[in-house]
Amino acid sequence: MASELNALDKIKDCLLNGHDFVLQGGAGCGKTETLKQLIDFISTEHPNRKIACITHTNKAVDEIKSRIDGEHVVSTIHSFLNTLIKDYKKNIHQVIYELFKVDFMERLDLSNYVDEKEQKSKEHEKYKKIYEKYSDKYFLLFGKRIDKVEGKRVYDTKPEEFNSDLNERISVINNKIEEEILSKGFKSIEYNETRFNNFKDLTFGHDGLIDIASLLINKYPLLGKVLNDKFDYIFIDEYQDTDKQIVDLFLVKLPEKNKPVIGLFGDSMQSIYGNGIGNVEDYVRTGILTRIEKEDNYRCSPQVIKFINLLRNDGLNQELALKIRNGEEEPLEERQGQVEFLYAVCDKKPSSKSSYTDTDKEMYINSLNDLIDKTYFSGDSKTLLLSNKAVSVKAGFPNLYKVFSDRYREPREEIEKILTKLQLLDLFELCNAYETKKYNFILSKLKNSGLSIKTVADKINISTNIQKIIDSDRGAVNTVETAFTLNLLKKSESFVTYKHRVEKFLEEISQDADFAKFEEDYFNDGHTLTKMQKKNPGIDEDDFKEQERNVKQKQFLEALFSDRVTFAEVLNFFKYEDEQTPYITMHKTKGTGIDNVLVVLDEYFWNEYDFRTAFDPDEENLKKKEKNLQLLYVACSRARFNLRCVRLISDEEEKLFTDAFEHFDSRRIELELSERSGYVLGTSYD
């Protein structure tokens with residue numbers, strides 16, 4: 001308990017001196033309990049001082065509220081910010097244009113790129129993205145489509161001229177956006193409690209709320225003074241997942257006079273989400289924050305703690321801390337466990353960029369699945385791994401995964417991003433709440449959709465309609481549109497613009513004779529530049545790549561909007577993401593402890609990851625090393641008692657990995673792979 005008291009005492013010193021602090025603690029260190037003790041201390045010693053405690057989810061809000069006493073503000077970041085700004089609609093009206101405007105195209109000069117070829121490629125990609133945003137806004141405002149974006153070859157002939165023309169058009173539409181905002185007035189402006197901003201209604205969603213709050217405090221210092229007057233202390237839980245704008249707002253944007261003490265609680269090593277600040281070392285280095293470390297680990301066995309300490313790169317060294325139960329420490333022998341590294345040697349270990357054939361890759365995956373089959377835990381256990389084809393089959397979303405993996409090298413992020421735009425995540429949340437009987441959540445969501453619920457008959461009708469959605473065997477997008485007609489969801493501008501973009505693209509290429517000829521040749525043994533040039537000698541590398549992207553995009557969009565990707569598969573995908581299966585994607589693996597954890601140290605042909613870098617002391621790409629260390633730390637620290645790491649390794653990697661696990665049990669597994677393919681996670685499937 002000494003380290004816990006030490007951390008708490010250091011925090012009390014910061015409160016006394018009016019200095020902002022960050023409590024850095026690893027998985028299972030009891031950060032929430034320290035937060036509770038801190039609030040209890042303030043409530044007892046300074047009962048008139050006001051505390052705001054901010055976290056990310058309603059579940060975390062409920063947990064913190066259950067541990068503290070007193071009339072303190074405990075809320076999600078979105079609820080907190082909305083409460084702060086909701087009465088200042090006139091002021092919001094002055095800044096909301098920034099949310100809906102289209103950014104201008106600004107060309108970077110050659111010094112920002114490796115060479116002219118990279119400049120041309122990157123600048124055209126940037127031009128296309130801005131053009132698409134302009135096109136989306138134009139469609140929302142006028143209901144009309146505009147000409148398709150210029151191809152790279154045409155754009156490269158006079159990029160400055162194309163940029164200038166686009167910026168003139170953007171200026172015109174931004175003026176129109178500003179005019180419409182002014183004409184609507186300020187009374188209808190509000191936070192819509194969804195993921196999406198809505199220009200037509202002049203409402204803003206979760207991300208928009210963060211932008212608006214930051215804009216207001218920058219423009220109107222008085223709002224910062226109001227916040228200062230309301231609270232003496234503001235504590236932010238899981239700071240690493242907090243938007244940088246928000247951290248910056250609290251630490252440096254608030255007026256200095258009467259500024260509340262800001263306390264951050266979290267762990268930079270558990271920063272695996274792209275939209276969070278990650279670490280706050282810049283604020284520590286400049287003296288804005290005092291760093292306080294909490295070394296306790298109340299979750300893991302001493303063996304697991306010893307291993308995960310090797311994965312940390314911030315100098316924090318966790319120590320075993322025993323829980324107190326009914327006034328007594330838990331027996332040390334009840335916290336014992338084991339860490340093992342189990343591996344097999346594979347002569348052919350393909351990478352995503354290798355020249356190995358699909359047959360080689362299939363044999364490799366079969367070998368890996370055979371290794372998992374021989375090493376997985378039974379009982380209370382989970383297997384943690386990167387999303388892959390085999391898991392998609394086992395979890396019940398094979399067609400969804402294949403449609404995305406045929407289009408994208410790293411499909412998992414794109415699946416979530418696009419399904420969110422199409423409001424399939426919203427629909428999953430509604431259906432999942434119905435199946436788990438979270439009726440208050442359903443009523444809240446339906447109220448936001450504008451559905452009136454007044455009678456028992458209304459509730460029966462809603463129940464019938466949600467069950468109809470759950471039982472749907474139609475395509476995912478068709479099912480969402482059914483939900484719109486049943487008033488279970490309100491159609492967002494995100495959905496409208498994405499569907500508009502799809503229809504515009506498919507219409508344009510259907511009228512493009514050059515594309516039709518390329519597509520025919522491509523599927524007739526012309527799937528490489530060399531082969532295509534035999535059919536069409538005039539085609540160059542840029543044209544080939546652009547047309548190949550169009551072919552894949554057409555296949556992708558036609559499949560996504562068909563009945564091939566069913567809503568049932570979407571439900572299964574999000575249940576997998578929500579840890580409702582025996583295996584967990586490493587990408588979303590933060591959570592409570594699991595008795596036994598099997599971590600599969602394999603990249604599954606993802607470009608983004610290379611777990612070898614996490615253990616290689618000579619790795620020069622420190623950014624990549626850090627990314628892999630963080631992912632492995634979060635995955636491995638889920639283990640309460642026993643942790644097994646498994647990997648297929650090449651001969652030259654064997655020493656690297658056995659050295660990394662030299663203080664733990666390492667065993668080489670001899671595989672006797674059956675010729676039958678398809679083993680996954682301890683079970684075979686047909």
Side-chain angles (χ1 to χ4, degrees), residues 274 348-369 372 383-422 424-425 428 475-477 498 502 505 519 522-523 527-528 545 547-578 581 583-589 600-611 631 648 677-681 685-686:
K348 289 185 177 181
K349 187 174 172 63
S351 71
S352 58
K353 295 181 179 179
S354 71
S355 59
Y356 286 108
T357 66
D358 288 341
T359 301
D360 292 328
K361 291 182 178 180
E362 184 179 355
M363 286 301 297
Y364 171 80
I365 290 297
N366 289 339
S367 299
L368 177 61
N369 289 334
I372 296 169
T383 299
L384 276 61
L385 69 178
L386 293 177
S387 300
N388 63 81
K389 178 181 176 181
V391 169
S392 74
V393 174
K394 192 68 177 175
F397 55 94
N399 294 315
L400 173 68
Y401 190 86
K402 179 164 177 35
V403 165
F404 277 83
S405 62
D406 285 347
R407 173 64 182 88
Y408 299 103
R409 281 184 177 274
E410 283 140 13
R412 185 240 154 223
E413 281 89 347
E414 295 298 331
I415 294 175
E416 184 174 21
K417 182 170 72 176
I418 292 173
L419 295 190
T420 299
K421 285 181 180 178
L422 291 171
L424 283 157
L425 176 55
F428 161 76
V477 178
Y498 190 85
V502 169
F505 171 80
E519 184 181 35
Y522 186 83
F523 289 118
H527 54 275
T528 67
K545 287 181 178 178
Q547 291 286 40
E548 184 179 45
R549 279 195 298 268
N550 288 338
V551 169
K552 291 183 177 181
Q553 185 72 349
K554 178 188 176 186
Q555 288 183 302
F556 168 70
L557 293 174
E558 287 179 341
L560 180 64
F561 278 72
S562 73
D563 284 347
R564 180 179 166 191
V565 176
T566 64
F567 182 62
E569 288 207 5
V570 169
L571 285 177
N572 289 336
F573 169 76
F574 282 118
K575 285 179 179 178
Y576 161 66
E577 291 275 294
D578 201 38
T581 64
Y583 28 86
I584 302 172
T585 173
M586 284 190 192
H587 299 93
K588 277 197 169 180
T589 189
V600 182
L601 301 177
D602 196 89
E603 296 80 15
Y604 288 95
F605 312 126
W606 286 61
N607 286 330
E608 195 175 348
Y609 301 100
D610 181 359
F611 294 132
L631 196 63
L648 281 183
S677 64
Y679 287 89
V680 58
L681 303 177
Y685 58 86
D686 294 321

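For the numbers below, each heavy atom of this structure counts, side chains included, while hydrogens, waters and symmetry mates do not. Along the sequence shown, residues carry numbers from 1.
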Report task. Nearest 0.5 Å please: distance from the CZ atom of Phe574 over to the CD atom of Glu416. Result -> 6.0 Å
Requested in this report: Find the distance between NZ (Lys552) and CG (Leu557) and round it off to the nearest 0.5 Å.
Outcome: 14.0 Å
Requested in this report: Please determine which of Gln547, Glu548, His527 meets the side-chain hydrogen bond (donor to acceptor under 3.5 Å, both in side chains) test together with Tyr522.
Outcome: Glu548
Report summary line: One should read off an interatomic distance between Asn388 CG and Leu368 CG, to the nearest 0.5 angstrom, of 8.0 Å
Query raised in the report: Is Val393 close to Tyr401 at the side-chain level, that is, under 4.5 Å between some pair of heavy atoms?
Result: no
Query raised in the report: What pair of heavy atoms forms the shortest contact from Thr585 to Glu577, and how long is it?
Result: CG2-OE2, 3.4 Å
Query raised in the report: What are the two closest heavy atoms between Asp563 and Gly475, and how far apart are they?
Result: OD1-N, 2.8 Å
Report task. Looking only at non-hydrogen atoms, find the nearest pair between Phe611 and Leu601 and report the distance. Result -> CD1-C, 3.6 Å
**Report entry** Heavy-atom side-chain proximity of Gln555 to Asp406 below 4.5 angstrom
**Finding:** no
Query raised in the report: What heavy-atom pair brings Leu384 and Met586 nearest, and what distance separates the two atoms?
Result: O-CE, 3.7 Å
**Report entry** Whether Glu410 side chain and Asn607 backbone form a donor-acceptor pair below 3.5 Å
**Finding:** yes
Query raised in the report: Short question: side chain of Trp606, backbone of Ser387 - any donor-acceptor pair under 3.5 Å?
Result: yes
Query raised in the report: Is Val502 close to Leu560 at the side-chain level, that is, under 4.5 Å between some pair of heavy atoms?
Result: no
Report task. Quick one: closest heavy-atom pair of Asn572 and Gly396, and the distance? Result -> ND2-O, 2.9 Å
Query raised in the report: CG of Asp602 to CG of Leu385: how many Å apart, nearest 0.5 Å?
Result: 9.0 Å
**Report entry** NZ/NE/NH1/NH2 to OD/OE distance under 4.0 Å, Glu519 and Lys554
**Finding:** yes
Report task. Mind running side-chain contact (heavy atoms from CB on, under 4.5 Å) on Val551 and Phe523 for me, showing each step along the way? Result -> CA-CA 10 Å; Val551 169; Phe523 289 118; 3.6 Å; yes
Query raised in the report: Taking the six-membered ring of Tyr583, is NZ or CZ of Lys394 closer than 6.0 Å to its centre and within 45° of its axis?
Result: no
Requested in this report: State, with a plain yes or no, whether a side-chain heavy atom of Glu608 is found less than 4.5 Å away from one of Glu413.
Outcome: yes
Query - Heavy-atom pair with the smallest gap, counting every atom of Ala476 and Leu424 - result: O-CD2, 3.6 Å
Report task. Tell me whether the centres of the aromatic rings in Phe428 and Phe573 are closer together than 6.0 Å. Result -> no
Query raised in the report: If we only count heavy atoms from C-beta on, is the Phe404 to Val565 side-chain gap below 4.5 Å?
Result: no
Report task. Examine distances only and state if a side-chain atom of Glu569 and a backbone atom of Asn399 form a donor-acceptor pair shorter than 3.5 Å. Result -> yes
Query - Min side-chain heavy-atom separation Tyr604-Ile365 under 4.5 Å - result: yes
Query raised in the report: Any side-chain heavy atom of Thr420 within less than 4.5 Å of one from Leu425?
Result: yes
Query raised in the report: Any side-chain heavy atom of Ile418 sitting closer than 4.5 Å to one from Phe556?
Result: yes
Requested in this report: Would you give the length of the straight line joining atom OH of Tyr364 to atom CG of Leu648, rounded to the nearest 0.5 angstrom?
Outcome: 4.5 Å
Report task. Starting at CZ of Arg407, measure out to CZ of Arg549 and round the result to the nearest 0.5 Å. Result -> 8.0 Å
